[in-house]
Amino acid sequence: RDLMYLEKNGLVERHHGGAAKLIDTSRELSVTQRMQRFSDDKEAIGAKAASLINDGDVIFLDGGTTTASILSYLKGKDITVFTNGIMHIQMLEKMDVKTFIIGGEMKRKTGCFIGPIALRAIERCRFDKVCIGANGISLEMGCTNADLNESELKTMLIRQAKKAYIVCDSTKFGIESFHNFAELQTIT
């Protein structure tokens, strides 16, 4: 009965044998909280995404925790990496990978740089591949994010890329967050 009450009030989704807390797509978790969620899935996603990156590629890795899982699989590749993620910068510093940092306003909660300075830097670049995180992916809304400034940056990245990949775990499927940043047909 308690689970039925919580489900009726939109707090959980009942499953056979239990329930799961619903994700509030209007708010974002901190980097620490997001790193702990679905870490095995993120590692598998990271390995697959890295396998799509070839020597000579110029890539952009969005400042998310799923894109961070790609980094360890890039060691030894002859590539150039652009990023706006503080965590990514720290990891790339330890690797022998040519790295460029996109600056701007630092968003502390997610550990990435966003805003007009970041947008201006990105619009002057062309990337072979970009890997971008999302708060939600649905057939109706496409790829969505909780933050308008981050969404603008993601839209610009897709525009400046030959191939754009969304990297996220399956819990984001069917979820719609606040702001659309890409239609599904624009994603590789």
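Fair warning: this is a prediction, and the values are worked out from it, not measured in the lab.
At distances below 3.5 Å, not a single donor-acceptor pair connects side-chain atoms of Thr144 with backbone N or O atoms of Asn180. Asp169 contributes no side-chain N or O that, together with a main-chain N or O of Asp41, makes up a donor-acceptor pair within less than 3.5 Å. Between the side chain of Ser69 and the backbone N or O of Lys42 there is at least one donor-acceptor pair closer than 3.5 Å. With hydrogens and angles disregarded, a donor-acceptor distance shorter than 3.5 Å links the side chain of Lys77 to the backbone of Ile53. In this structure, the side chain of Asn135 engages the main chain of Ala146 through a donor-acceptor pair within 3.5 Å. One N or O on the side chain of Asn84 and one on the backbone of Gly63 form a donor-acceptor pair closer than 3.5 Å.
When the shell of 6.0 Å around CZ of Arg126 is examined, it contains more than 12 heavy atoms from other residues, nucleotides or ligands. Heavy-atom neighbours of Ile117 CD1 from other residues, nucleotides or ligands within 6.0 Å: at or below the threshold of 12.
Electrostatic pairing of Asp62 and Lys154 counts as a salt bridge here, judged by a charged N lying under 4.0 Å from a carboxylate O.
Looking at Lys98 and Val81, their side chains never come closer than 4.5 Å, going by heavy atoms from C-beta outward. Under the 4.5 Å side-chain criterion, counting only non-hydrogen atoms from C-beta, Ile102 is in contact with Ile122. Two residues are said to be in side-chain contact when any heavy atoms from C-beta on lie closer than 4.5 Å; Met91 and Glu93 fail this criterion. Counting only heavy atoms from C-beta outward, the side chains of Leu61 and Leu74 approach each other to under 4.5 Å. A heavy-atom distance below 4.5 Å is found between the side chains of Ile114 and Asp147.
Of all the heavy atoms in Met87 and Ala68, the pair that sits closest is CE-CB, 3.8 Å. Considering every non-hydrogen atom in both Asp55 and Ile79, the closest pair reads CA-CG2, 4.3 Å. Heavy atoms only, all atoms of each residue included: Cys131 and Thr67 are closest at O-CG2, 3.4 Å. Of all heavy-atom pairs spanning Ala50 and Tyr73, the tightest one is CB-CB, 3.3 Å. In plain terms, the two heavy atoms of Cys168 and Ala134 that are nearest each other are CB-O, 4.3 Å.
When the side chains of ILVMFWY residues are joined at heavy-atom separations under 4.5 Å, either directly or via intervening members, Ile187 and Ile132 end up in a single hydrophobic cluster. Cluster membership for Val97 and Ile89, using ILVMFWY side-chain heavy atoms within less than 4.5 angstrom, is not shared. Both Ile137 and Leu139 belong to a single network of hydrophobic side chains, linked directly or stepwise wherever heavy atoms of I, L, V, M, F, W or Y lie under 4.5 Å apart. Connection of Phe60 to Ile70 is not established within any shared hydrophobic cluster, with ILVMFWY side chains joined at heavy-atom distances below 4.5 Å, either directly or through further cluster members. No chain of hydrophobic side-chain contacts below 4.5 Å, direct or via other Ile, Leu, Val, Met, Phe, Trp or Tyr residues, connects Leu148 to Phe181.
We find the CG-CD distance between Asn149 and Glu105 to be 6.5 Å, quoted to the nearest 0.5 Å. If you take CD on Glu183 and SG on Cys143, they are separated by 8.5 Å, rounding to the nearest 0.5 Å. Separating the CG atom in Leu92 from the CE atom in Met95 is a distance of 6.0 Å, to the nearest 0.5 Å. Distance CD/Glu43 to OG/Ser72: 5.0 Å, rounded to 0.5 Å.
In this structure, Phe100 and Phe82 have parallel ring planes: the angle between them is below the 30° cut-off, well short of the 60° mark.
Not counting sequence neighbours, the partners of Ser151 by the side-chain hydrogen bond (donor to acceptor under 3.5 Å, both in side chains) test are His179. Shown here are the side-chain hydrogen bond (donor to acceptor under 3.5 Å, both in side chains) partners of Lys129, two or more places apart in sequence or in another chain: Asp57.
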Mind listing the side-chain donor-acceptor pairs of residues 156-166 below 3.5 Å, one per line with the distance, residues two or more places apart or on another chain?
unit_1 : atom_1 : unit_2 : atom_2 : d
Gln160 : NE2    : Glu123 : O      : 3.2
Gln160 : NE2    : Cys125 : O      : 2.7
Lys162 : NZ     : Asp128 : OD1    : 3.2

